[in-house]
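Just so it is clear: chains get the letters A, B, ... in the order the sequence lines come, proteins before strands, and each one is counted from 1.
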Amino acid sequence: MAQTIKKAKIKSTESTYTKITNAIGLQQIVILIVLILIYALFAAASPAFRSGNTMTSIMDASYYVGFLGLGVTFVIITGGIDLSIGTSMMCAAITGGVVYNELHAPVWVALVVIMVMATGVGLINGILVAKFKLPPFIATLGTMMITRGLGSIISNVKTETFPLRGSANGWYKSIFRTDGNFPTGVILLVVMAILASVVLNHTKVGRYIFAIGSNREATRLSGVNVVTSEAMAYVIAGFFAGLAAIAYAATYTTIMPGTGAGFEMDGIAAVVVGGTSLAGGVGSIVGTFIGVFIMTVLKVGLPYLDLQPHYQIFITGFVVLLAVYVDIYRNRKANK
Amino acid sequence: MESILEMNGIDKSFGPVKVLSNVSFDLRRGEVHALMGENGAGKSTLMKILTGIFSKDAGKIIYEGNEVEYTNPKDAMDAGIVIVHQELNMINHLTVAQNVFIGRESMNGILTDDHDLNHKAQELFDRLNMDINPKVKVGSLTVGKMQMVEIAKAISMNAKIVVFDEPSAALTETEIQELFKIIRDLKQQNIGIVYISHRMDEIKQITDRVTVMRDGATVGTIDTVDTTKAKIIKMMVGREVSETPKTESTVPTDAETVLQVVNMNAGKRVIDLSFELKKGEILGFSGLMGAGRTEMARIIFGADTADSGEIYVHGQQVHIRKPVDAVKHGIGYLSEDRKQFGVIVGMSVADNVVLTDLNRYTNGPLINDHKINAAVEQHVKELRIKTPSVKQLLGNLSGGNQQKVVIAKWLEQASDILIFDEPTRGIDVGAKSEIYDLMNNLVDMGKSIIMISSEMTEILRMSDRIIVMSEGRKTAELDIADASQENIMTYATMREEIG
């Protein structure tokens, strides 16, 4: 009873501060501050980092990591994991290249093929996990290796090059950056993030994804079709891997066979840094969005401090550990 | 008898919430001292302070004449204060002996010596008159045997005080009697025993004194022989609670059959079970653990599948393969294990209530949370669910109120066949009678209830008709007018003749 009264009091005096933290989440605010600090640190240490070109590089790198992260957020909230997004993204991209270069199809057909293929891999993951009850780690480890091999098989271990900017078929590059160097990709990423957030928080499938991550069996025993909802999370992750593939092709033009392994970790790390719990049931798109930029600012910024790219992986590891520790520490405190 | 433990003026707060206030408790050597109180009264917190799991804010603990304060469970254990937890802390894949001596393994150089462990465990079981093989995996034991292993483990640490936290919750009647035999042996060895339980009958049988707690304070300590069940309940809730059994069925003899089960079979768990449920009836299912009652309920609800059998709802045969199908036919299920199977503690009250069918709360593809909240507020009012708001996380509600949320979930679906599996397990005495009133209201509204319960008083108080099961079979079907504790127990322990 005393507790009830106390809570009622807190509610009536709800400040702007609590309104903001309730809407975005405290951890999200913390990592936004961390992001700003990291950026400020690089900017202070290196004048070159402050140039417009650097911003463009950060943006370019954030597209594919961003889409991977947004998609896999859904899977992680169900309590699962998708290790295949990185390789399935590159497999789809290289297949799109084959369709364009070898079959001489128009670019838009290649892009559709990319989306269908990546979403299809997501559907297979969904069926394996939700219907056949394979552990997500194992199921997606399998499809990760399959897609990595499949890309090389389809391309015959050849590098595929997409049309260059300014060439007859180079229009697709403007989806992410106009010829006048305007980063249209940011708009697309933001729009997709908003869409993902709406799906996650305001649709049935989103609500069920949270419910499954919190307690799958109780959700099933409530009469919810858990198989469909859980599978949808993997389909969404696959769909976003398709967008990531298009973003990668548009940004970097050249797709090499057998690549993509490790990209999924950038996406997953962004999600975890963003406060989504690997135990499932808790997560936010805003968090993932900020997490993505922490990843890409580190990736682009560290070379300006004369640190080679492998330092990015090294330091990212510490960032992930720190983020997870903060999450656990916070939960433990809340439970005390 | 000489006192072994005195706890005086214990205070404890979690943040701003005071959970213990000036609590006193004492224990003598060779005594069984019951600690009673509603859920949240502070019993477990007090025992966790004693065993070093929590620290106290104020007060004194005097153990064997010296003031002590343990900061972790290991220190308390080394000093001879052990707790047998409600949830079993066993590692299923290790053997009984490995579990008993975990952390204290016999070594042979750098290798563990399982031979010696088994030997030591066997000696221990012999001393305690327990019939358990130290070499088998713990996972293969019944819950009752696991409890015995847990007790043996406690004794093996040279315990002088053993705290039992609701030990009988998962035990059958025979296992409880075995447990009591062991407890009496421990008394003989001058060990002090704290016994936390909700079951009045056990308190009478096994304890010497009773201390009752309410709202974080001690209400009083009395000798068991001088007290009655009604007196203890009154101390616990601060008012009298009636527990009168029903004397006759309130269901008209020509009432419609809403659910019929014919020859249900599922391995050895359910054998050839047939029964009917009438409109407006509470059909009680009595029996011991493992009698097949929960299995039967889960099959009707589509959570598990049967090998054979037919189910008819309102006279129509139905095929229920998954819970979704059962819900469509108007069947709702309240699980015995609410936290695991009934509710989602990490989601709001509102989300829990409407989880099953969000379709009526959508505008196009989007969920309309305002509409949900308004509808759920209605349920909260009707069922008198105590929550500051429908947006409150379900995990912050008490057990009784969580159970009401599950009931609201099925009312929301307009389910007219409700299966209550142990509806008041883990719910305190006051909230219990509220759940009972609610169930009576539901049948007055024309709903029908299957109630599985291991509490005899609950069965006799609520049921219009009683089906008794034993080892997967129906052994009796009794009208409430013919039912008594004695004949139910006889049928519940009836075994199939071997041959």
* Between A:Arg207 and B:Val354, is any pair of side-chain heavy atoms under 4.5 Å apart? ->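 The answer is no; the side chains never approach within 4.5 Å.
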* To do: Could you check which of A:Leu221, A:Asn225, A:Thr203, A:Val224 has the highest count of heavy-atom pairs closer than 4.5 Å to chain B?
  => A:Leu221
* **Between A:Val205, A:Thr219, A:Val199, the one whose heavy-atom pairs under 4.5 Å with chain B are most numerous** =>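 Looking at each option in turn, the highest pair count goes to A:Thr219.
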Enclosure of [X] [atom1] (heavy-atom neighbours >12, cutoff 6.0 Å):
| X | atom1 | result |
| --- | --- | --- |
| B:Arg360 | CZ | yes |
| B:Lys371 | NZ | yes |
| A:Phe239 | CZ | no |
| B:Lys381 | NZ | no |

* **Option in B:Asn359, B:Asn352, B:Thr362 with maximal non-hydrogen atom pairs under 4.5 Å from chain A** =>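 Going by pairs under 4.5 Å, I would pick B:Asn359.
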* To do: Please determine, among B:Val345, B:Val327, B:Asp325, B:Asp351, the option with the most heavy-atom pairs under 4.5 Å with chain A.
  => B:Asp351
* When you look at A:Phe210 and B:Ile344, which way does the side-chain contact (heavy atoms from CB on, under 4.5 Å) test go after all the steps? -> CA-CA 10 Å; A:Phe210 273 113; B:Ile344 298 167; over 6 Å; no
* With a 4.0 Å cut-off, would you call B:Asp357 and A:Lys204 a salt bridge? ->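 Salt bridge: no.
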* Asked: Between A:Glu217 and B:Arg298, is there a salt bridge with N-O shorter than 4.0 Å?
  -> yes
* Asked: Between A:Gly223 and B:Val324, what is the shortest heavy-atom contact and its length?
  -> O-CG2, 3.6 Å
* **Polar side-chain atom of A:Arg220 near backbone of B:Phe341 as donor-acceptor pair, under 3.5 Å** =>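 Absent.
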* To do: Look up atom CG in B:Leu366 and atom NE2 in A:His202, then write down how far apart they are to the nearest 0.5 Å.
  =>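 Here the rounded value is 8.0 Å.
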* **Structural part of B:Ile372 lying under 4.5 Å from a heavy atom of chain A** => side chain
* Asked: Under 3.5 Å, is there a donor-acceptor pair between the A:Asn215 and B:Lys339 side chains?
  ->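 Distance-only check fails for A:Asn215 and B:Lys339.
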* If we ignore angles and hydrogens, is there a donor and acceptor under 3.5 Å between the side chains of A:Ser222 and B:Lys409? ->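 A donor-acceptor contact under 3.5 Å links the two side chains.
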